[in-house]
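Working notes, structure below.
Nothing here was measured: the structure is a model prediction, and the numbers come from that model.
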Amino acid sequence: MALEEPDPSLASEEKVRKQEVLDSYLVSLASHHQSADQAENEQIHPRDLEALSNIQSNSPPYSIFSKRQKAFIVFLTAWAGFFSPLSANIYFPALTTLTREFNVSSTLMNLTLTSYMIFQGLAPTIFGDLADMAGRRPAYTIGFIIYIGANIGLALQSSYPALFILRCLQATGSSATIALGNGVVADIATSSERGTWMGYATSGPMVAPALAPVIGGLLAQFLSWRSIFWFLTIMTGVYMIPFLIAFPETARNVVGNGSIPPQSYNMSFLNYLQLRRSRKSENELSQTLSREPHGASQTPLAQKRKLRFPNPLGTLRVIKQKDAGLLLFYNSLIYTAFYDVIASAPYLFEEIYGFNDLQIGLAFIPFGIGALIAPITSGRLMDWNYRRVAANENFPIDRKRGDNLKGFPLERARLSVAVPFLIIGTSAVLCYGWTLEMETSLAAPLVMHFLIGLFLTGAFNCMSVMLIDYYPLSPSTATAANNLVRCLVGAGGTGIINIMVSAMGRGWCFTFIAAVVIATSPILWVLLKWGPGWREERRVRMETGKENSR
């Protein structure tokens, strides 16, 4: 009996029916995600300002990382940022000991601080561009390899020239961490929540200048100054364990909002295991529904992921912008005032109060408490003020997908928080000098230390966040520009601070420093008045450049 041939029309109808089922499933899946997005917005922010935003449900989120993942990423970022200022300041209590051991003057020993700050400013011009181009993880890894080698050398060396050179190398390796940290926050946090996350991320770099002398004082007093550098080596090795295992790549030029897998060499161990597991577990339907669109979306970005030699000139392009250049210059003066206080404290406290290495280190505790509170406090105030200004301007906020800052008074949102911090912090610097001049009880300069640590650090943090808002697509490069200017200006300040104190007296020296900050404060008014226009001009130039390149 002959077998009947299948009817072609029936096969065609079967194909059409399957396609209709698949299309119906896709439509229902998209509808489900849309309703879920709307429900999430309504439940989480029912009466918040975000309700003003007419969100397009089919646009991707700014970052796919959950709040818990962001907290872990920012924790490791803050820890990494701790190393650069920690290394700069941890041997403050041992400066007098090193001066005697190497038989050099205090001014010459202070040059090890100055040289550190110069390389702390220069190195991120390369690391920042590397991080924006190749990713955060490769830049972190290269920097820490250099840093570990320099610390081992410092622990073993026995001459002033070796100390000087290895300090420069140590600064080169560790300085990338601050620029990279701000870049990581810009990768995962929108403008409306960036202040809080940046506050957490910068808590490490900001508290280190004050906490480091305490650690250094304990090590120098009970072990030796060499133990300081062995401590840094061990601490870096401990940090690299969770970093290599779990820290994900976040650079938006590499992984987008986090949904695009990085290059194989750029994966953490957990990323590698997750990718391997997902490839094994995906069935044919999940590949059809999710992998094909995902592959199509990642193709344009993957084509742009080409390695090149880092270009430090990108940092100079940031500096030459009118608004960014003024902001960087003023921020560098605040940083110099901040750093002059802590760089001169070991010598002044030994001279006035007869402190040893341990006592000098412990005297920095109030400074450290203020510096620890500052970024978190200023960050929350910035986010609150951002929402307040947005409400007054009827500006819609989209925490999930990010805000278009065109037409938004960003300068007012950030600087109105910085101004009160600047007033109190500068006044504290002025009073600090005269408490030392009058040689009052120890309580007075320690209270001033706390106020300087809290308010000058808070002001510095506000302006650093605003700089990131200026350059959200290349935040590490922008932060590298910030490091370059502040470290070069700060290096000059710390190089001559002891000379200034000797020539002018303690009171008039710090009065002069406070007067410089006050005299240049009209820069903030200039940014408030003309900054929005300059920012819009830069945006138009960037868009025009993109159009011309096409």
Side-chain angles (χ1 to χ4, degrees), residues 78 81-99 106 109-110 112-113 116-117 120 174 202-223 225 227-229 231-232 235 334-376 425 428-429 431-433 435-436 439-458 460-461 490 493-494 497-498 501 506 510 513:
F82 186 72
F83 286 102
S84 181
L86 174 70
S87 307
N89 305 312
I90 194 169
Y91 82 153
F92 274 172
L95 283 177
T96 54
T97 301
L98 288 168
T99 300
S106 63
M109 184 56 65
N110 258 19
T112 62
L113 301 177
Y116 186 97
M117 294 181 67
Q120 191 181 36
S174 65
T202 56
S203 60
M206 291 303 180
V207 73
L211 186 59
V214 180
I215 300 173
L218 291 170
L219 292 172
Q221 183 73 20
F222 295 107
L223 296 174
W225 62 266
S227 66
I228 291 173
F229 301 109
F231 169 79
L232 294 175
M235 187 175 177
I334 297 171
Y335 179 80
T336 302
F338 168 91
Y339 216 84
D340 279 345
V341 171
I342 58 176
S344 60
Y347 300 109
L348 292 173
F349 281 10
E350 182 188 36
E351 179 184 358
I352 298 171
Y353 303 106
F355 281 2
N356 59 29
D357 291 351
L358 177 59
Q359 290 170 323
I360 290 172
L362 295 176
F364 278 90
I365 290 177
F367 206 108
I369 295 174
L372 177 62
I373 298 172
I376 299 173
V429 172
C431 295
Y432 173 71
T435 61
L436 296 178
E439 298 188 3
T440 63
S441 67
L442 181 62
L446 292 186
V447 169
M448 294 303 108
H449 266 199
F450 171 78
L451 295 177
I452 293 169
L454 174 59
F455 291 103
L456 282 191
T457 303
F460 182 85
N461 189 55
T494 56
I497 183 61
N498 288 341
V501 171
R506 304 162 194 156
F510 288 99
I513 292 172

Minimum-distance pair of heavy atoms, taken over all atoms of [X] and [Y]:
X: Leu456; Y: Ala337; answer: CD1-CB, 4.3 Å
X: Tyr353; Y: Ser441; answer: OH-O, 3.8 Å
X: Gly216; Y: Ile228; answer: O-CD1, 4.1 Å
X: Ala374; Y: Gly453; answer: CB-O, 3.8 Å
X: Pro85; Y: Ala212; answer: O-CB, 4.5 Å
X: Cys431; Y: Met448; answer: CB-SD, 3.6 Å

Which distance, rounded to the nearest 0.5 Å, do you find between the [atom1] of [X] and the [atom2] of [Y]?
X: Ser227; Y: Leu232; atom1: OG; atom2: CG; result: 9.5 Å
X: Leu219; Y: Phe229; atom1: CG; atom2: CZ; result: 10.5 Å
X: Ile342; Y: Phe367; atom1: CD1; atom2: CZ; result: 5.0 Å
X: Ile513; Y: Ile497; atom1: CD1; atom2: CD1; result: 4.0 Å
X: Phe231; Y: Ile90; atom1: CZ; atom2: CD1; result: 5.5 Å
X: Met235; Y: Phe82; atom1: CE; atom2: CZ; result: 5.0 Å

Going by the angle between their ring planes, with limits at 30° and 60°, are Phe510 and Tyr432 parallel, tilted or perpendicular?
-> perpendicular
In terms of ring plane angle, is the pair Phe349 and His449 parallel, tilted or perpendicular, where the classes change at 30° and 60°?
->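 Ring orientation, 0 to 90° scale: parallel.
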Tell me, do Pro445 and Thr440 make a side-chain contact under 4.5 Å, heavy atoms counted?
-> yes
For Glu439, side-chain hydrogen bond (donor to acceptor under 3.5 Å, both in side chains) partners two or more places apart |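 Residues passing side-chain hydrogen bond (donor to acceptor under 3.5 Å, both in side chains) with Glu439: Arg506.
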Qualifying residues under side-chain hydrogen bond (donor to acceptor under 3.5 Å, both in side chains), relative to Thr112, sequence neighbours excluded |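 Thr112 satisfies side-chain hydrogen bond (donor to acceptor under 3.5 Å, both in side chains) with Tyr91 only.
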Would you please test Ser87 and Tyr116 for side-chain contact (heavy atoms from CB on, under 4.5 Å) and show each step?
-> CA-CA 9 Å; Ser87 307; Tyr116 186 97; 3.3 Å; yes
